[in-house]
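In this text the structure is predicted, and so the values were computed from the model without any measurement.
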Amino acid sequence: MNRIISKLILYGTMPQDSILVQLGDICREARTGNFDRDELVTRVYQQVKRILITATDYGFDDNLWHNYLTYLLITDENPFSITCEKTGAKDGSVNQFAKNDFKAFMDLFHYDFSPLQSALGVDCFSVLSDYKAIGKPELMYNQNVSEKVRALSKKLGAARDENEFFLHVTNFYRDYGVGMFGLNKAFRIIGGDGKGDITFQAINNMDKVMLTDLIGYEIQKKKLIANTRAFVEGRKANNVLLFGDSGTGKSTSVKAIVNQFYEQGLRMIEIYKHQFKDLSNVIAKIKNRNYKFIIYMDDLSFEEFEVEYKFLKAVIEGGVETKPENILIYATSNRRHLIKENWRDRNDMEFSEGMHRSDTMEEKLSLVSRFGVTISYSKPTPKEYYEIAIGLARRAGITMPDEEIKAEANKWELSHGGISGRTAQQFVNYLLGEG
């Protein structure tokens with residue numbers, strides 16, 4: 001196996017502790033005939049366990065060895081794979097190097113583990129090649145990734161030569177992308193804040209909600225769709241601020257728009273207020289990727305003493321460097337102006353530093369003008385609230401008469417936070433729980 005791995009050029013940069021490299025070392029030692037059997041069996045089982053953990057994390061099934069190799073291929077961000085993401089293969093000499101690597105991967109796909117199993121008296125690889133996974137709840141793994149890996153794995157396992165293998169892999173890169181951005185819809189950032197480099201962490205189980213699931217707010221949804229469609233199609237689009245009452249569907253709308261345009265290359269990065277100082281680093285890491293990114297800020301607001309809004313303004317305005325065209329900022333807020341105003345802000349008395357309070361207020365309020373599209377989500381009227389409650393109840397399979405739903409929904413909102421879409425959903429959840 002080490003001989004095969006050594007042939008890899010584009011895909012050959014793997015950590016020494018990776019499963020593939022470790023198995024290569026084990027196979028090499030087993031071929032020498034001079035080894036400690038118990039020690040080598042232990043090492044084999046360690047790598048098999050790692051394969052099983054990966055399979056559990058991603059819901060793999062059938063041939064776990066093929067699934068693992070496929071996962072390596074679609075998560076390896078090298079110059080070739082990144083060039084192919086969302087565009088597919090292009091003519092160039094690099095394709096010859098890629099086909100060389102894919103020929104080696106074909107050998108790995110069909111690697112004969114039987115000599116190793118005979119030498120060590122184990123049969124674990126036979127089990128991995130025909131594995132029957134235990135069914136697990138979808139929330140335990142990323143079904144979106146799992147389905148894609150398993151489908152591609154079957155195609156690669158049946159490929160007749162490296163040319164067909166090349167076609168399957170590059171078509172995957174074209175359709176879905178490569179690495180974590182290719183496989184996942186949404187991310188949060190970890191690190192930064194003076195504590196080292198930032199990294200992206202996939203949000204594996206983002207709500208599968210669609211805009212059609214949000215009852216009402218048709219004008220708001222149309223504005224959001226129009227702006228986002230222009231963005232993913234490469235036309236001019238604006239940053240968006242969704243503001244209004246709590247529980248009206250602002251955050252749901254943003255999640256739904258990502259779900260709607262995921263196949264067209266839209267991704268979301270969620271960032272919190274305390275991370276705004278890392279915004280420039282985030283943008284630097286994604287500006288050259290072939291995806292469209294929404295940097296999402298939920299429940300955005302600033303108190304008088306907070307200055308993080310300055311980082312946000314700097315990024316939106318671009319500073320010396322223009323904000324990349326593959327990035328927009330979508331924010332939700334309960335405040336129309338994002339920043340809390342005080343009466344003393346309105347008083348045009350001078351600070352001790354010689355600044356006018358009205359200048360400070362203007363600086364704060366100017367942040368909103370950086371969002372080219374502002375969409376208002378107001379609290380529903382009682383009639384709209386009842387329509388939402390009835391609509392959600394019908395979707396949930398509740399057959400209670402409309403008038404009874406209205407009466408019960410009215411009782412519910414009086415003691416559960418007032419009229420909103422969220423209150424209606426909580427009411428329907430209550431009905432479902434009652435059976």
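Within the 3.5 Å criterion, the main-chain N or O of Leu214 finds a donor-acceptor partner in the side chain of Lys221. Asp245 contributes a side-chain N or O that, together with a main-chain N or O of Lys379, makes up a donor-acceptor pair within less than 3.5 Å. Distance alone, capped at 3.5 Å, places no donor-acceptor pair between the Ser333 side chain and the Asp299 backbone.
Arg422 has no carboxylate O lying under 4.0 Å from a charged side-chain N of Glu413, or vice versa, which leaves the two without a salt bridge. Electrostatic pairing of Glu387 and Lys383 counts as a salt bridge here, judged by a charged N lying under 4.0 Å from a carboxylate O. A salt bridge links Lys236 with Glu325; the closest basic N to acidic carboxylate O contact falls under 4.0 Å.
Residues Phe181 and Phe293 place their aromatic rings such that the two centres sit under 6.0 Å apart.
Remark: Lys148 qualifies as a cation-pi partner of Tyr176 under the 6.0 Å distance and 45° angle criteria applied to the six-membered ring.
A donor atom on one side chain and an acceptor atom on the other are found under 3.5 Å apart for Ser251 and Tyr296. A donor and an acceptor atom, one from each side chain of Asp298 and Thr332, are located under 3.5 Å apart. In summary, the side chains of Asn67 and Tyr58 do not present any donor paired with an acceptor at a separation below 3.5 Å, with no hydrogens or angles considered. Using a 3.5 Å distance cut-off with no hydrogens or angles, the side chains of Glu408 and Tyr430 do not pair a donor with an acceptor.
For Asn259 against Asp207, the heavy-atom pair with the smallest separation is ND2-O, 2.9 Å. When every heavy atom of Val428 is checked against every heavy atom of Ile398, the shortest pair comes out as CG1-CD1, 4.0 Å.
Around atom CD1 of Ile53, more than 12 heavy atoms belonging to other residues, nucleotides or ligands sit under 6.0 Å away.
Note on ring orientation: taking the six-membered ring where Trp is involved, the planes of Phe109 and His66 are tilted (angle from 30° to 60°).
In this structure Gln47 satisfies the side-chain contact (heavy atoms from CB on, under 4.5 Å) test together with Ile19, Gln22, Leu23, Ile26, Arg50, sequence neighbours excluded.
For residues 91-101, the side-chain hydrogen bond (donor to acceptor under 3.5 Å, both in side chains) pairs, not counting sequence neighbours, are Lys99-Asn163.
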